[in-house]
Amino acid sequence: MAGLAFHRAGNGPPLVLLHGIGSSRQVWSPVVDVLAEQFDVIAVDLPGFGESPPLPADVEPHPAALADAVATLLDGLGIVSPTVAGNSLGGWVALELAEVRPTTALVLISPAGLWPGRTPLYNRLSLQATRWLATRWVKPLSRLVSHRAGRALVLRQIVGRPARISPGLARSMVWDMATSPGFDATLEATLDRHYLAGWAGLRVPITVAFGSRDLLLRRGSRHVEQLPAGARLEMLPGCGHVPMGDDPRAVAALMTATAHRGTVRAGGW
């Protein structure tokens with residue numbers, strides 16, 4: 001299997017960014033530049049998304065398997081004990097990654113997997129409907145999101161402030177949802193799973209944040225008690241399920257503060 005695609009920028013302690021299902025590393029673009037002022041930022045395309053090839057056909061792309069692929073990438077880059085931030089599925093993958101390799105801190109933004117059993121029906125149907133629409137109407141939808149009213153219509157479920165999303169990022173979000181070859185297999189691999197903390201528990205600072213306008217993850221998908229003890233819960237006012245374009249400053253500040261807690265706990269760099 002070819003290696004994972006990624007974008008790297010900045011200098012400082014390592015910060016790894018993991019996107020959600022049907023997305024790509026481009027979704028982090030509103031916050032990469034400001035984070036690169038303080039961190040060595042590595043924004044990764046998960047297997048089967050963006051420019052990364054899917055996992056081999058005999059490997060089920062569940063979150064732990066995706067985390068293993070990210071771990072292999074980080075080992076190849078010589079990245080040791082990064083702060084890892086993940087959005088949606090990327091948050092779940094970040095948790096799995098922290099179970100198998102050292103991390104300094106975790107930032108979980110609208111993380112998937114925090115449900116007690118199977119993926120809730122609402123989440124599954126919402127994602128399947130979004131994928132169906134995107135694959136069949138990708139060109140019209142790409143033209144539609146070039147306009148503010150179109151972004152409000154198309155991105156309403158995952159973005160809290162569509163007017164703040166650039167047309168370029170909006171088109172990228174539509175295109176990624178329509179063309180990700182790993183979408184169907186990855187969604188299928190999550191349906192009967194949820195996050196299960198390892199027996200020893202994670203001993204790093206964890207911040208979990210939800211947008212106040214997140215229409216995808218309802219109460220039944222926010223069982224933060226499944227996280228290791230000590231995880232901090234934050235709210236991102238006015239933000240949706242994918243908040244990086246809604247309020248880049250707030251998202252960057254959240255990651256910076258959590259990373260700092262991790263470095264202090266680890267004794268500095």
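A pairwise comparison of heavy atoms in P82 and P102 identifies CD-O, 3.6 Å as the closest pair. Of all heavy-atom pairs spanning L141 and A134, the tightest one is CD1-CA, 4.0 Å. Nearest heavy atom pair, residue D246 against residue V242, reads OD2-O, 3.7 Å. Closest heavy-atom contact between R101 and S81: NH1-N, 4.1 Å. Closest approach of S24 to G50, counting heavy atoms only: CB-CA, 3.7 Å. The shortest non-hydrogen separation linking R143 to H147 is O-CD2, 3.6 Å.
Residue T103 holds its OG1 atom at 7.0 Å from CG of L97, rounded to the nearest 0.5 Å. R161 CZ to L155 CG: the interatomic distance, rounded to the nearest 0.5 Å, is 15.0 Å. In this structure, the separation between SG on C239 and CG on L254 is 10.0 Å, given to the nearest 0.5 Å. The line from CG of L15 to CD of Q38 is 10.0 Å long, rounded to the nearest 0.5 Å. Between atom CG of residue L66 and atom CG of residue L55 there is a gap of 6.0 Å, rounded to the nearest 0.5 Å. Rounding to the nearest 0.5 Å places OG of S23 at 11.0 Å from CG of L18.
Side-chain contact between L35 and T256: present, with at least one pair of heavy atoms (C-beta onward) separated by less than 4.5 Å. The shortest distance between side-chain heavy atoms of L202 and L95 falls below 4.5 Å. Residues F49 and D176 form no side-chain contact, since every pair of their non-hydrogen atoms from C-beta on lies 4.5 Å or further apart. Using a 4.5 Å heavy-atom cutoff, the side chains of V34 and P248 are not in contact. Taking 4.5 Å as the limit, every side-chain heavy atom of D45 sits out of range of all side-chain heavy atoms of L4. The shortest distance between side-chain heavy atoms of V145 and M173 does not fall below 4.5 Å. L236 has its side chain out of reach of E234: every pair of non-hydrogen atoms, C-beta onward, lies at least 4.5 Å apart. In this structure the side chain of V159 never reaches within 4.5 angstrom of the side chain of R151, judged on heavy atoms.
For R171, there are no salt bridge (Lys or Arg N to Asp or Glu O under 4.0 Å) partners two or more places apart in sequence or in a different chain. In this view, E51 and R25 satisfy the salt bridge (Lys or Arg N to Asp or Glu O under 4.0 Å) rule, not counting sequence neighbours. Listed by chain and number, the residues in a side chain to side chain contact (heavy atoms under 4.5 Å, CB included) with A189 are E60, P61, H62, R193 (sequence neighbours excluded). By the side chain to side chain contact (heavy atoms under 4.5 Å, CB included) test, P181 is found to be paired with P54, residues two or more places apart in sequence or in another chain being considered. A search for salt bridge (Lys or Arg N to Asp or Glu O under 4.0 Å) contacts involving R164 returns nothing, not counting sequence neighbours. For A9, the side chain to side chain contact (heavy atoms under 4.5 Å, CB included) criterion is met by H7, V32, A36, not counting sequence neighbours. In terms of the side chain to side chain contact (heavy atoms under 4.5 Å, CB included) criterion, residue partners of L77 (sequence neighbours excluded) are, by chain and number, F6, R8, I42, L73, I79. R136 pairs by the salt bridge (Lys or Arg N to Asp or Glu O under 4.0 Å) definition with nothing, not counting sequence neighbours.
Counting Ile, Leu, Val, Met, Phe, Trp and Tyr side chains that sit under 4.5 Å apart, directly or through other members, L121 shares a hydrophobic cluster with L125.
Criterion: ILVMFWY side-chain heavy atoms under 4.5 Å apart, direct or through other members. Under it, V251 and V41 are part of a common hydrophobic cluster. Residues W28 and I158 share a hydrophobic cluster, clusters being chains of Ile/Leu/Val/Met/Phe/Trp/Tyr side chains in contact below 4.5 Å. At a threshold of 4.5 Å between side-chain heavy atoms, the hydrophobic network of Ile, Leu, Val, Met, Phe, Trp and Tyr places L74 and V204 in one connected group. Residue W92 is grouped with residue V224 when hydrophobic side chains (ILVMFWY) are merged at heavy-atom distances under 4.5 angstrom, including chains of intermediate members. Under the 4.5 Å side-chain heavy-atom criterion for Ile, Leu, Val, Met, Phe, Trp and Tyr, V174 and M244 are members of the same hydrophobic cluster.
Between T104 and T83, the side chains place no donor N or O within less than 3.5 Å of an acceptor N or O (distance only, hydrogens not considered). Counted by atom type alone, W132 and Q128 present zero donor-acceptor pairs between their side chains at under 3.5 Å.
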Walk me through it: do L169 and S29 pass the test side chain to side chain contact (heavy atoms under 4.5 Å, CB included)?
-> CA-CA 8 Å; L169 178 56; S29 59; 3.9 Å; yes

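Not a single donor-acceptor pair under 3.5 Å links the side chain of T258 to the backbone N or O of M255. Put simply, the side chain of H19 gets close to the backbone of L46: a donor and an acceptor are under 3.5 Å apart. Remark: side-chain polar atoms of N87 are not paired, donor with acceptor, to backbone N or O of G20 under 3.5 angstrom.
The salt bridge (Lys or Arg N to Asp or Glu O under 4.0 Å) contacts involving residues 104-133 comprise R118-D192, R131-D184, where partners must be two or more places apart or lie in separate chains.
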Under 3.5 Å donor-acceptor pairs involving side-chain atoms of residues 210-219, not counting sequence neighbours:
residue : atom : partner : partner atom : Å
S212    : OG   : G238    : N            : 2.6
R213    : NH1  : G160    : O            : 3.0
D214    : OD1  : L216    : N            : 2.9
D214    : OD1  : L217    : N            : 3.1
D214    : OD1  : H241    : ND1          : 3.4
D214    : OD2  : S110    : OG           : 3.3
D214    : OD2  : H241    : ND1          : 3.0

Anything under 3.5 Å between a donor and an acceptor, one on a side chain of residues 225-232, the other on a protein residue two or more places apart or in another chain? List them.
residue : atom : partner : partner atom : Å
E225    : OE2  : H223    : ND1          : 2.6
Q226    : NE2  : W115    : O            : 3.4

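Just one residue in the list L106, L108, V44 forms a side-chain contact (heavy atoms from CB on, under 4.5 Å) with V84, and that residue is L106.
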